[in-house]
Amino acid sequence: MGITVKGTSTALATGTTKFDDCTAVHLCGHTSAVTVTVRNEADDADVGTIKIPANGQMVVNLFIGQGLRGPTTVSGTQVAAGDSI
C-alpha cells in the first residue's frame, strides 16, 4: 500500500488549526523533538498531543473536522493510503 499526496506542504501554527478537512496528514520537517496538538471538530478544545522525535516523521489519521496545531518548524501534507480517499 502506497501513500498518495493530496496537497502541498503547509507549515503548522500554534494558534491556528490546520488540516481540518483532511483524513490523513504526513508530518515532517523539524530538526528537534516537537509536540503537535490534535484539536476537536468544534476547534474549541484539544483532543490530545503527539510527540515527534527529532528528524522524525509520521502519518496522522484524523476525522473530518479535527485538525492539528504545532510549531511552524513542522510541515504537513495531506495524504491518503492507496486509493481509499
Side-chain angles (χ1 to χ4, degrees):
M1 181 184 320
I3 291 180
T4 303
V5 175
K6 297 289 188 178
T8 58
S9 180
T10 302
L12 295 185
T14 55
T16 304
T17 302
K18 308 282 182 124
F19 299 106
D20 59 353
D21 59 351
C22 301
T23 57
V25 179
H26 176 256
L27 299 174
C28 66
H30 53 283
T31 57
S32 60
V34 294
T35 299
V36 174
T37 303
V38 181
R39 298 287 289 176
N40 67 355
E41 294 172 8
D43 198 17
D44 60 5
D46 297 344
V47 174
T49 57
I50 301 166
K51 305 273 187 187
I52 305 173
N55 299 312
Q57 56 183 317
M58 66 174 46
V59 174
V60 177
N61 293 308
L62 302 167
F63 291 107
I64 294 292
Q66 289 181 332
L68 301 170
R69 290 186 182 188
T72 57
T73 56
V74 178
S75 295
T77 305
Q78 180 181 356
V79 296
D83 295 323
S84 62
I85 297 178

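These values consider heavy atoms only, across backbone and side chains, with no hydrogens, waters or symmetry-generated copies.
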(message) Looking at R69 and D43, is there a salt bridge between them, counting it only when a charged N and a carboxylate O are closer than 4.0 Å?
(response) yes
If we only count heavy atoms from C-beta on, is the [X] to [Y] side-chain gap below 4.5 Å?
{"X": "L62", "Y": "V38", "value": "yes"}
{"X": "T72", "Y": "L12", "value": "no"}
{"X": "T73", "Y": "V34", "value": "yes"}
{"X": "T37", "Y": "T49", "value": "yes"}
{"X": "I50", "Y": "T35", "value": "no"}

If you round to the nearest 0.5 Å, how far is [atom2] of [Y] from [atom1] of [X]?
{"X": "T10", "Y": "L68", "atom1": "OG1", "atom2": "CG", "answer": "11.0 Å"}
{"X": "I64", "Y": "C22", "atom1": "CD1", "atom2": "SG", "answer": "7.0 Å"}
{"X": "L27", "Y": "F19", "atom1": "CG", "atom2": "CZ", "answer": "7.5 Å"}
{"X": "D21", "Y": "Q78", "atom1": "CG", "atom2": "CD", "answer": "6.0 Å"}

(message) With clusters defined by side-chain heavy atoms of hydrophobic residues (ILVMFWY) lying less than 4.5 Å apart, directly or transitively, does V25 cluster with V47?
(response) yes
(request) Using the test salt bridge (charged side-chain N to carboxylate O under 4.0 Å, His left out), find all partners of D46 that sit at least two apart in sequence or belong to another chain. (result) R39
Contacts table for residues 54-61: side-chain donor-acceptor under 3.5 angstrom, sequence neighbours left out:
from	atom 1	to	atom 2	distance (Å)
Q57	OE1	H26	NE2	2.6

